[in-house]
Amino acid sequence: MRSFSVAVLATVAAIFGSAGVAVGAPKDYCGDLKGANTGRTCEIQLSDPGYSVDISIPLDYPDQKSIADYISQTRDAFLNTAKSGAPRNAPYALSIKPTEYTSSIPPRGTQAVVFKVDQNVGGAHPQTVYKAFDWDQSYRKAITYTAASDDKLHTPLWRVDDPLTTVAPIVQAQLQQQLAPPPPPAQPGQRAAATPPPPLPIAQTALYNPANYQNFAVVNDGVIFFFDQGVLLPDSAGALQVQVPRAAIDPMIA
């Protein structure tokens, strides 16, 4: 009888925990997405004569629900289009691949995963966009570009109202340095031209639009911003990313 009682109590403790409250198993978001759990990632791969899907999700990000919701919506929207029966010259394709980032600068650390989403649904070229998820390790909340004072679920990236007065010129200068064509080579017997390259055709309204800075990752050296293809520059420039140095913005980060 004694051994039976001990076994029963152990089972009850495992189910209800020390406080007597039922403890359920962690939700299996990968299973809900019909993915394969590798232990570190959730892999979703679908193949059909008319389309292909290749998605990878890291399983160590704290807010798995938000990621699962985004992946589900993006995948399902793609499949609805891919299964529409519209004529096509090549199979449609969806690829969602993550890159993880962390920072450990006091007073708190952060964790981020940024998904690069390549999608081809019949255009001349695939379109690339980003989706970033950022987590405040101390407050145990998602970090967003802005957050209302009464928002209990998110913490803001900034402590100032208009960070783009500082950030946008840095982004423009960084892109100019990354992408501007080099000056033409000097002719024999001539010195290299000192003329600066022409400015990139960056849309100024887009450059100063906060909506285009929602995808970011905080790192020890600053904040990396990710820009969808065609947002700041023509589609031919592709998707862009720019790291703004922490030294330039540290007092403005919340």
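Since this is a predicted model, take the numbers as computed values, not measurements.
Looking at Lys131 and Thr74, their side chains never come closer than 4.5 Å, going by heavy atoms from C-beta outward. Between Leu153 and Lys141, every side-chain heavy-atom pair lies at or beyond the 4.5 Å cut-off. Proximity of Val117 to Tyr70: side-chain heavy atoms (C-beta onward) are separated by under 4.5 Å at one or more points. Contact of the Phe115 side chain with the Pro58 side chain is registered, since non-hydrogen atoms from C-beta on lie closer than 4.5 Å. Residues Leu157 and Phe216 meet the side-chain proximity criterion, which asks for heavy atoms closer than 4.5 Å. With contacts defined as side-chain heavy-atom distances shorter than 4.5 Å, the pair Leu94/Tyr92 does not qualify. You'll find the side chain of Cys42 stays beyond 4.5 Å of the side chain of Asn37, heavy atoms only.
Minimum heavy-atom separation, Tyr51 to Pro91: N-CB, 4.1 Å. In this structure, Arg246 and Ile253 approach most closely via the heavy-atom pair NH1-CD1, 4.1 Å. Of all the heavy atoms in Val114 and Ala132, the pair that sits closest is CG2-CB, 3.9 Å. Nearest heavy-atom pair, Ala217 versus Ala112, reported as atom, atom and distance to 0.1 Å: CB-CB, 4.0 Å. Nearest approach of Gln45 to Asp54, heavy atoms of both residues: NE2-OD1, 3.4 Å. The minimum heavy-atom distance linking Lys97 with Ser56 is given by the pair NZ-CB, 4.1 Å.
In Asn80, the CG atom is crowded: over 12 heavy atoms of neighbouring residues, nucleotides or ligands sit closer than 6.0 Å. Atom CZ of Arg140 sits in a crowded spot, with more than 12 heavy atoms from other residues, nucleotides or ligands closer than 6.0 Å. By the neighbour-count criterion of 12 heavy atoms within 6.0 Å, atom CD of Gln204 is densely surrounded, having more than that number from other residues, nucleotides or ligands.
Using cut-offs of 30° and 60° on the angle between ring planes, the pair Phe225 and Trp158 is parallel.
In this structure, the separation between CD on Gln64 and CG on Asp28 is 10.0 Å, given to the nearest 0.5 Å. Atoms CD and CG, on Gln177 and Leu200 in that order, are 11.5 Å from each other to the nearest 0.5 Å. For the atom pair CG (Asp228) and CG (Asn215), the distance works out to 6.5 Å, reported to the nearest 0.5 Å. Note that CD1 of Ile44 is 4.0 Å distant from CD1 of Ile57, once rounded to the nearest 0.5 Å. Atom-to-atom distance recorded for Ile71:CD1 and Cys30:SG is 11.0 Å, nearest 0.5 angstrom.
Between the side chain of Gln229 and the backbone N or O of Thr128, at least one donor-acceptor pair lies under 3.5 Å. Looking only at distances, a side-chain donor or acceptor of Asn212 sits under 3.5 Å from a matching main-chain atom of Ala206. Side-chain atoms of Glu100 never come within 3.5 Å of backbone atoms of Tyr61 as a donor-acceptor pair (strictly under, hydrogens ignored). No donor-acceptor distance shorter than 3.5 angstrom exists from the side chain of Arg88 to the backbone of Val121, with no hydrogens or angles considered. Side-chain N or O atoms of Tyr213 include one that pairs as donor or acceptor with a backbone N or O of Leu207 at under 3.5 Å. Judged by distance alone, the side chain of Ser72 and the main-chain N or O of Ala68 form no donor-acceptor pair under 3.5 Å.
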As a quick check of understanding, evaluate side chain to side chain contact (heavy atoms under 4.5 Å, CB included) for Thr110 and Asp134, giving each step before the final call. CA-CA 7 Å; Thr110 63; Asp134 292 79; 6.0 Å; no
Between Leu33 and Ile55, is a side chain to side chain contact (heavy atoms under 4.5 Å, CB included) present by the stated rule, with each step listed? CA-CA 11 Å; Leu33 291 168; Ile55 301 173; over 6 Å; no
Carefully, step by step, assess Glu43 and Thr38 under the rule side chain to side chain contact (heavy atoms under 4.5 Å, CB included). CA-CA 7 Å; Glu43 302 293 331; Thr38 70; 3.9 Å; yes
Check residues 164-175 and write down every donor-acceptor pair under 3.5 Å in which the side-chain atom is one partner and the other belongs to a residue at least two apart or another chain.
{"residue": "Thr165", "atom": "OG1", "partner": "Asp162", "partner atom": "O", "Å": "3.0"}
{"residue": "Gln174", "atom": "NE2", "partner": "Gln243", "partner atom": "O", "Å": "3.2"}

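Cluster membership check: Tyr145 shares its hydrophobic cluster with Leu240, using side-chain heavy-atom separations under 4.5 Å among Ile, Leu, Val, Met, Phe, Trp and Tyr. The hydrophobic clustering, which links ILVMFWY residues whose side-chain heavy atoms are closer than 4.5 Å, places Val223 and Trp135 apart. No single ILVMFWY cluster, assembled from side-chain heavy atoms under 4.5 Å apart, contains both Tyr130 and Val218. No chain of hydrophobic side-chain contacts below 4.5 Å, direct or via other Ile, Leu, Val, Met, Phe, Trp or Tyr residues, connects Ile224 to Ile105. If you chain together hydrophobic residues whose side chains sit under 4.5 Å apart, Phe226 and Val219 fall into the same group.
With sequence neighbours excluded, no residue satisfies salt bridge (charged side-chain N to carboxylate O under 4.0 Å, His left out) with Lys34.
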